[in-house]
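Comments concern the structure below.
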Amino acid sequence: MKLKVLVLALSLFCVTSVLKAQDYHTAIGARVGYFNGLTIKHFISGNNAIEGIASFRWRGFVLTGLYEWQKPVKGLRNPDYYI
C-alpha cells in the first residue's frame, strides 16, 4: 500500500513539474460539485477580467457575474491571485 502511494505521489510530482500556465483571453469551463454549471471568463485588459457563472441545482438556476483583478504572486513563477 505504501509503495502504491509513493509511486502515485512521484508520478503526480513528475507530471505537475512540467506543466505550464496558460496564456488566454477567453476561457470556457464546466463546474461540477455542489452546484453544477458553466463558466466563462474574458480578460478585458491585461489584469482585469469579467467572469460569468451559470449554476444549476435543485431545479433552480443561478447567474453570477464577477469583475476580477488578477496579479502574479511575487516570488513564484506561474501562480496568480485574484480579487
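This chain uses plain numbering: 1 for the first residue, then up along the sequence. Since the model is a prediction, treat every value here as computed from it, not as a measurement.
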Gap between atom CD1 of I50 and atom CD1 of I44 - 0.5 Å precision: 5.5 Å
Straight-line distance of E51 CD to Q70 CD, nearest 0.5 Å: 9.5 Å
Parallel, tilted or perpendicular: rings of F35 and W58 (30°, 60°): perpendicular
Y34 backbone acceptor or donor facing R57 side chain under 3.5 Å: yes
Exercise: identify the closest heavy-atom pair between V32 and N36: CA-OD1, 3.3 Å
Which atom of N48 lies closest to which atom of S45, heavy atoms considered: ND2-OG, 3.0 Å
ILVMFWY cluster, F61 and I53 together (side-chain gap under 4.5 Å): no
side-chain contact (heavy atoms from CB on, under 4.5 Å) between T26 and I40, worked out: CA-CA 7 Å; T26 303; I40 184 166; 4.2 Å; yes
